[in-house]
Amino acid sequence: MYDLIIKQVRIMDGSGAPSYLADVAILGDTIALIGELSAFEAKETIAGNGLALAPGFIDLHTHSDSNFLAGGEAHSHIRQGVTTAGLGNCGGSAAPRSPAMLAEGRRMQQQQNPDLPPYEGTTVADYFAEVDKRGISQNAVFWVGQGTIRNYVMGFDSSPANEEQLAAMKQLVRQAMEDGAVGVSTGLIYTPGVYAEEAEIIELIKETTPYGGIYNTHIRGENDTVFTALNEAINIARQAKVPVQISHLKAMGRHMWGQSKEILQLLDDAVAEGIDVTFDQYPYTAAATGLDAALPPWSHVGGKKKLVERLQDPAEKARILADVINPEGIDGWFSIWKGVGWENIMVTGYSPDRDLEGKSVAEIGEIWGMDPWDACCELIIRRGGDRVSIVYFAMGDEDVERIMQHRLQMVGSDSSGTNNEGPSRGKAHPRGYGSFVKVLGHYARDVGLFSQEEAVRKMSAAPALRIRLKDRGFIHPGKKADLVLFDPATVNSQGDYVNPSQFPVGICKVWVNGVLTVDGDKHTGAKAGKMIRRQEIK
């Protein structure tokens, strides 16, 4: 007697091979049997009616760390079929935390969900235990953030780490790996991670090598310096002898359009050399970050308070603008403004005045009767240095499609899973609600870049193999029952940049560890997910 049999479904098993019709039996949290199962009984039987069944999708690039403490239902992700999330990306993770970081984290969490008790843990082990205690609807793996570790030891000091500081950071990396992290992430356009030189990063990543660590990096530049930045990431992997995952690969800024050919060739050459490199990508031409990422690294030294003070000082403000426009004096850094312009930077999250959301920085300048640069500064000042969420239209369609077709590509949303059925606060990037279904529907089915079976491989088996997660990513007997039942003829995203918080169409059911979590257009409320510790990956 099985718990569930799904009858006559078109199985896209994760390998990329052509789909086939069969029945699937589930016992507990595991796929038990595949084939013609009319002779077997189950507590529940579902008619597949020719719908497609895929392994649960794995999103290695999320920012759901704090959301998992504030509800953990991840509606915008699970309703796309994403059953496993990668946490701690871009150098920023929920742990470890110093006392000062703990106080800041408490403040931010209270803004998210004041009805929940604040999370008081300081270690990666504390975070894992607290998330499992509160419950989550997805599974998750965890990278420890290099920026978080540097903040713990050095705050926002831009100096190179001395011997004592480096030793302290290395100890934190080792402890995070012992606690269950799968590796270290960097976000090398963000402070304080940006202050670390390549040699410092290599020393930290080497600490993960005995644990089978994976280096996950938002590289140091994605426009003019993208080739230098990619070479740095490859060399870190080479020196530390670890695999490297490049986050949200792109050619950013209109002056860089077309250079995806050279970017992909550089990665192919690295693979030919023996470097284990892969990358993820979201299927949109606009990126998203905080507005302060447009400002030079030196302006952030000392943290948010010092940044606001500099923006209020006319001389310092003029110096910052000079570097935004012409950053030749800053080694390896270019503002996201280059090749984009204030007219193509849209504010998507601004709590002091929600009416400004959906407007460009240039438009806000017109409303306020000031230059766009002055409007940029004022937006940050009025938030006290806290995040002003933006999207910025920086990529070309041809580059997006060329990168997407590459054999090393996998899908990553670079977003947080929302904890409610309604729209998120502000105007979220539509990638949070549509990355996976847009690849399945628009790019695979409608544009025909590749088959839907290949799309499923990029979303399931490829990321599972990347993190050596051997019990997920395929529909095979013995694998965990993370499953997505979808209509291949209708599956697609619905959101755009004006109305991004739109749930997808064509996702029929989602199971996490054998538990039904999405049923039609409803989240069942189930929290059958778990934090997957490095030691449990097998």
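These numbers were taken from a predicted model, which means no experiment stands behind them.
In summary, the aromatic rings of Tyr443 and Phe450 are positioned with their centroids too far apart to meet the 6.0 Å limit. Between Tyr497 and Phe393, the ring centre distance stays below 6.0 Å.
Judged purely by distance below 3.5 Å, without hydrogens or angles, the side chains of Thr186 and Thr217 pair a donor atom with an acceptor atom. There is a side-chain donor-acceptor pair under 3.5 Å between Tyr190 and Thr289. A donor-acceptor pair shorter than 3.5 Å cannot be found between the side chains of Trp333 and Asp323. Counted by atom type alone, Thr418 and Asn420 present zero donor-acceptor pairs between their side chains at under 3.5 Å. Checking Glu198 against Asn235 by side-chain atom types alone, a donor-acceptor pair falls below 3.5 Å. Judged purely by distance below 3.5 Å, without hydrogens or angles, the side chains of His255 and Asp224 pair a donor atom with an acceptor atom. Side-chain N/O atoms of Ser415 and His61 include no donor and acceptor closer than 3.5 Å. Remark: the Asn216 side chain and the Ser247 side chain contain an N/O donor-acceptor pair separated by less than 3.5 Å. Remark: the Gln281 side chain and the Lys250 side chain contain no N/O donor-acceptor pair separated by less than 3.5 Å. Checking His63 against Asn89 by side-chain atom types alone, no donor-acceptor pair falls below 3.5 Å. Looking at Gln138 and Thr83, their side chains never bring a donor and an acceptor atom within 3.5 Å of each other.
By the 4.5 Å heavy-atom criterion applied to side chains, Glu454 and Arg457 are counted as neighbours. A heavy-atom distance below 4.5 Å is found between the side chains of Ile380 and Leu311. Two residues are said to be in side-chain contact when any heavy atoms from C-beta on lie closer than 4.5 Å; Ile467 and Ile214 meet this criterion. Inter-residue side-chain proximity for Val242 and Tyr215 is flagged as met; some heavy-atom pair is nearer than 4.5 Å. Put simply, the side chain of Pro243 reaches to within 4.5 Å of the side chain of Arg468, judged on heavy atoms. Side-chain contact check for Leu291 versus Val361: some heavy-atom pair is nearer than 4.5 Å. Between Met252 and Val226, the closest side-chain pair of non-hydrogen atoms is not below 4.5 Å. Val411 has its side chain out of reach of Tyr282: every pair of non-hydrogen atoms, C-beta onward, lies at least 4.5 Å apart.
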(request) Please report the C-alpha distance between Gln245 and Thr278 in whole Å, then the side-chain angles of each, then the deciding distance to 0.1 Å, and finally whether the side-chain hydrogen bond (donor to acceptor under 3.5 Å, both in side chains) criterion is met. (result) CA-CA 5 Å; Gln245 175 80 3; Thr278 52; 2.5 Å; yes

(request) Run the numbers on Phe436 and Met459 for side chain to side chain contact (heavy atoms under 4.5 Å, CB included), then give the verdict. (result) CA-CA 7 Å; Phe436 288 78; Met459 300 173 181; 3.6 Å; yes

(request) Go through Gln409 and Lys458 one step at a time and tell me if the side-chain hydrogen bond (donor to acceptor under 3.5 Å, both in side chains) criterion holds. (result) CA-CA 7 Å; Gln409 187 263 10; Lys458 288 173 173 289; 3.2 Å; yes

(request) Could you check Arg383 against Ser351 for side-chain hydrogen bond (donor to acceptor under 3.5 Å, both in side chains), going step by step and ending with a plain yes or no? (result) CA-CA 8 Å; Arg383 282 282 286 149; Ser351 56; 3.2 Å; yes

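Here the side chain of Asn67 pairs a donor or acceptor atom with the backbone of Gly417 at under 3.5 angstrom. In this structure, the side chain of His248 does not engage the main chain of Ser413 through any donor-acceptor pair within 3.5 Å. Remark: side-chain polar atoms of Trp257 are paired, donor with acceptor, to backbone N or O of Ala394 under 3.5 angstrom. Side-chain atoms of Thr191 do not come within 3.5 Å of backbone N or O of Pro297 as any donor-acceptor pair. Using modelled atom types, one side-chain atom of Asn419 and one backbone atom of Ala70 make a donor-acceptor pair closer than 3.5 Å. A donor-acceptor pair under 3.5 Å links the side-chain atoms of Thr62 to the main chain of Gly86, judged by distance alone. Side chain of Glu357 to main chain of Tyr350: a donor-acceptor pair is present (N/O by atom type, distance under 3.5 Å, no hydrogens or angles). A donor-acceptor pair under 3.5 Å links the side-chain atoms of Ser360 to the main chain of Glu363, judged by distance alone. Remark: side-chain polar atoms of Arg310 are paired, donor with acceptor, to backbone N or O of Ser299 under 3.5 angstrom. At distances below 3.5 Å, not a single donor-acceptor pair connects side-chain atoms of Arg431 with backbone N or O atoms of Pro283.
For CD of Glu163, the number of neighbouring non-hydrogen atoms (other residues, nucleotides, ligands) closer than 6.0 Å is 12 at most. By the 6.0 Å contact criterion, CD on Glu309 is enclosed, its count of non-hydrogen atoms from other residues, nucleotides or ligands being greater than 12. Counting heavy atoms of neighbouring residues, nucleotides and ligands inside a 6.0 Å radius, atom CD of Glu197 does not exceed 12 of them.
With salt bridges taken as basic N to acidic carboxylate O contacts below 4.0 Å, one links Asp399 and Arg402. Look at Asp386 and Lys304 and you find a salt bridge, because one of the NZ, NE, NH1 or NH2 atoms lies within 4.0 Å of a carboxylate O, short of that distance. Salt-bridge formation is not detected for the pair Asp276/Arg238: no Lys NZ or Arg NE/NH1/NH2 atom is positioned less than 4.0 Å from an Asp or Glu carboxylate oxygen. Using a 4.0 Å cut-off between charged nitrogen and carboxylate oxygen, Asp374 and Lys317 count as a salt-bridge pair. With salt bridges taken as basic N to acidic carboxylate O contacts below 4.0 Å, none links Lys359 and Asp353.
The shortest non-hydrogen separation linking Ala237 to Ile275 is CB-CG2, 4.2 Å. Taking all atoms of both residues into account, the shortest heavy-atom contact from Ile58 to Ser460 is CD1-O, 3.6 Å. In terms of heavy-atom proximity, Gly384 sits nearest to Val308 at C-CG2, 3.6 Å. Closest approach of Arg79 and Pro504 over heavy atoms only: O-CG, 3.3 Å. For the residue pair Ser93 and Gly145, the shortest heavy atom distance occurs at OG-N, 2.9 Å. Counting all heavy atoms, side chain and backbone alike, Phe279 lies closest to Ile403 at CE1-CG2, 3.5 Å.
One finds the CD atom of Gln80 at 6.0 Å from the OG atom of Ser435 (value rounded to the nearest 0.5 Å). To the nearest 0.5 angstrom, Gln146 atom CD is 12.5 Å from His218 atom NE2. Here the CE-OG1 distance, from Met256 to Thr225, works out to 8.0 Å after rounding to the nearest 0.5 Å. Atoms CD and CD, on Gln165 and Glu200 in that order, are 8.5 Å from each other to the nearest 0.5 Å. We find the CD1-CG distance between Ile236 and Asn231 to be 11.0 Å, quoted to the nearest 0.5 Å. Remark: Asn492 CG to Leu440 CG distance equals 9.0 Å, nearest 0.5 Å.
Judged by the 6.0 Å and 45° rule, Arg319 forms a cation-pi pair with Trp298.
Between His429 and Tyr284, the angle of the ring planes goes over 60°, which puts this pair in the perpendicular group of the 30/60° scheme. Ring geometry for Tyr119 against Tyr127 counts as perpendicular: the plane angle is over 60°, on a 0 to 90° scale with 30° as the lower cut.
With Phe156 as the partner, the side-chain contact (heavy atoms from CB on, under 4.5 Å) test is satisfied by one option alone out of Asn151, Leu307, Val301: Asn151.
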